[in-house]
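Notes for the one structure printed next.
Computed from a predicted structure; not experimentally measured. Sequence lines set the chain letters: A, B, ... in the order given, protein chains first and strands last, and positions in each chain run from 1.
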There are 2 protein chains.
Amino acid sequence: MTEDGGRRGAGPAAGGGRRSAEATRAAILRAARDRFAADGYDRATIRAIAADARIDPSMVMRYYGSKENLFATAAEFDLRLPDLSGVPADRLGRELVSYFFTRWEGDATLPALLRTASTNPSGAERVRAIFTTQLGVAVGRVVADPTEAPRRAGLVASQLLGVALTRYVLRLPPMVDISPADLITWLAPTIHRYLTDPDPASH
Amino acid sequence: MTEDGGRRGAGPAAGGGRRSAEATRAAILRAARDRFAADGYDRATIRAIAADARIDPSMVMRYYGSKENLFATAAEFDLRLPDLSGVPADRLGRELVSYFFTRWEGDATLPALLRTASTNPSGAERVRAIFTTQLGVAVGRVVADPTEAPRRAGLVASQLLGVALTRYVLRLPPMVDISPADLITWLAPTIHRYLTDPDPASH
DNA sequence: TTGGGAAGTCAACAGGCGTTGGCATACCGT
DNA sequence: ACGGTATGCCAACGCCTGTTGACTTCCCAA
């Protein structure tokens with residue numbers, strides 16, 4: 001019957017006027033980020049995102065064209081890695097780890113990306129691009145032998161993404177409960193070693 | 001178009017007879033594991049699984065009741081961790097890492113679990129149970145102070161699952177290309193340290 | 001030989017999805 | 001005051017999903 005009231009609880013015009021296009025675009029994007037983060041690509045429906053943004057689903061299409069495109073925009077993601085070349089060698093690990101932490105805590109974009117990358121091929125491709133280029137480049141500037149940079153960046157990514165996965169996505173209790181400070185202290189030597197230890201494979 | 005031929009490539013009766021209930025159950029389970037591994041819970045459809053098993057979708061329901069239940073069965077998962085109590089302390093890391101590796105390579109169950117856990121709450125719950133109990137217990141037997149076991153197990157899980165994620169799910173090139181032997185050599189000291197280093201938080 | 005149960009097929013259901021196009025409404029420059 | 005345009009809603013489309021129940025076919029035991 002589709003008649004869910006004619007007057008829905010809090011319509012977009014409840015408070016009075018309507019929003020500017022900019023405001024609506026931004027509201028949709030915010031809602032999309034939250035939903036993608038919480039539910040992953042498949043379970044995050046356009047209808048739910050639209051409801052969160054207090055807007056009709058068709059508006060999402062008008063502003064972003066398609067769900068795939070909306071996700072691409074929502075997952076636009078810059079690690080904004082700091083320049084590590086000025087950091088003394090023995091502080092590299094700690095610096096990188098604590099930077100990642102302040103970047104993640106309170107920003108749900110990375111979990112969203114991880115959730116989606118697990119099932120959506122273009123999401124996986126995006127994570128791959130982010131980590132092989134952005135992290136790869138930053139690591140390249142810091143590593144002695146540049147040919148080893150990809151491998152070292154991969155190892156660093158494996159530990160950092162492992163933490164993101166267990167803490168934000170799977171929510172393993174010990175990883176959720178640990179304080180950022182403690183976690184940083186545990187992780188820093190690992191990252192440091194991946195960056196600086198001689199490659200054990202090149203005997 | 002539901003008419004994919006009427007005569008589909010190789011119908012269940014192509015070779016002649018039909019299968020035993022056991023054989024069909026097993027075929028469905030195998031197909032389910034593959035599909036869940038490749039696509040995750042949402043994108044792995046009952047219809048696709050049934051097609052892989054060369055059976056009607058309704059048979060899947062008859063044998064497993066529901067998709068949720070089929071997944072629960074397909075994701076039945078025992079880490080089968082070896083007893084580490086006989087291992088000399090300085091070999092613990094290497095032992096655990098190489099065990100995990102021989103367990104994963106060639107078995108798609110873990111990636112399936114990871115893919116699903118990223119979007120499906122009951123999948124996440126399952127991973128949580130597996131790692132907090134199975135890994136937690138094994139680590140508890142090996143760690144000096146048992147109250148530290150959960151935290152140490154969590155750290156170990158973060159690195160091991162991080163590798164599984166980057167290598168099998170995201171397929172980051174450097175992590176895919178690296179040989180198991182090299183990877184084990186890189187990871188062993190990390191795991192070893194998470195198991196044995198004094199907790200830096202308890203000053 | 002025949003009956004009964006197991007194994008499998010078929011067609012349909014109710015509901016949710018992304019997406020579309022037409023229609024209403026409020027704003028704002030003139 | 002007014003018309004155009006930006007903003008928004010509504011209703012529907014075609015498709016795919018998990019799930020169901022009735023029907024057919026085969027095998028094997030009596």
Answer yes or no on whether A:R25 is positioned over the face of A:Y64, meaning its NZ or CZ is under 6.0 Å from the six-membered ring centre and within 45° of the axis.
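Yes, A:R25 lies over the aromatic ring of A:Y64.
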Distance in angstrom units between [X] [atom1] and [N] [atom2], rounded:
X: A:I46; N: C:dG18; atom1: CD1; atom2: C1'; value: 7 Å
X: A:I55; N: C:dA26; atom1: CD1; atom2: C1'; value: 14 Å
X: A:F71; N: C:dG18; atom1: CZ; atom2: C1'; value: 17 Å
X: B:N120; N: D:dG18; atom1: CG; atom2: P; value: 13 Å
X: B:M61; N: D:dT20; atom1: CE; atom2: P; value: 5 Å
X: A:R19; N: C:dC27; atom1: CZ; atom2: P; value: 14 Å
X: B:R35; N: D:dG18; atom1: CZ; atom2: C1'; value: 16 Å
X: B:Y63; N: C:dG8; atom1: OH; atom2: C1'; value: 8 Å

If you measure from CG on B:D42 to OH on A:Y41, what distance do you get to the nearest 0.5 Å?
12.5 Å
To the nearest 0.5 Å, how far apart are CZ in A:R193 and CD1 in A:I191?
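These two atoms lie 10.0 Å from each other.
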For B:S58 and C:dT9, is the shortest distance between a side-chain N/O and OP1 or OP2 below 4.0 Å?
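For C:dT9, OP1/OP2 do not have a side-chain N/O of B:S58 under 4.0 Å.
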Once hydrogens and angles are ignored, does a donor-acceptor distance under 3.5 Å link the base of D:dG18 to the side chain of B:R47?
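Between D:dG18 and B:R47, which were checked side chain against base, a qualifying N/O pair under 3.5 Å is present.
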Look at the side chain of B:R62 and the base of C:dG8, then say whether one donor and one acceptor between them are separated by less than 3.5 Å.
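Yes.
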Does A:Y41 or B:D56 map to a spot on DNA chain C nearer the 5' end, using the closest nucleotide for each?
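This one resolves to B:D56.
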Classify A:T24 by what it touches in the nucleic acid, base, sugar-phosphate, or nothing, heavy-atom distance under 4.0 Å.
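Sugar-phosphate contact only.
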Using a heavy-atom cut-off of under 4.0 Å over every strand shown, decide if A:Y64 touches base, sugar-phosphate, or nothing.
nothing
Tell me which nucleotide among C:dT19, D:dG8, D:dT17 gets nearest to the side chain of A:M59.
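Of the options given, the side chain of A:M59 lies nearest D:dG8.
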Side chain of A:A21, heavy atoms from C-beta onward: which of D:dT7, C:dC10, D:dT19 has the nearest atom to it?
D:dT7
Do B:D197 and A:W186 have side-chain heavy atoms sitting under 4.5 Å apart?
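Sidechains of A:W186 and B:D197: in contact.
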Please report the shortest heavy-atom distance between B:T119 and A:T119, naming the atom on each side.
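So the two residues come closest at CG2-CG2, 4.3 Å.
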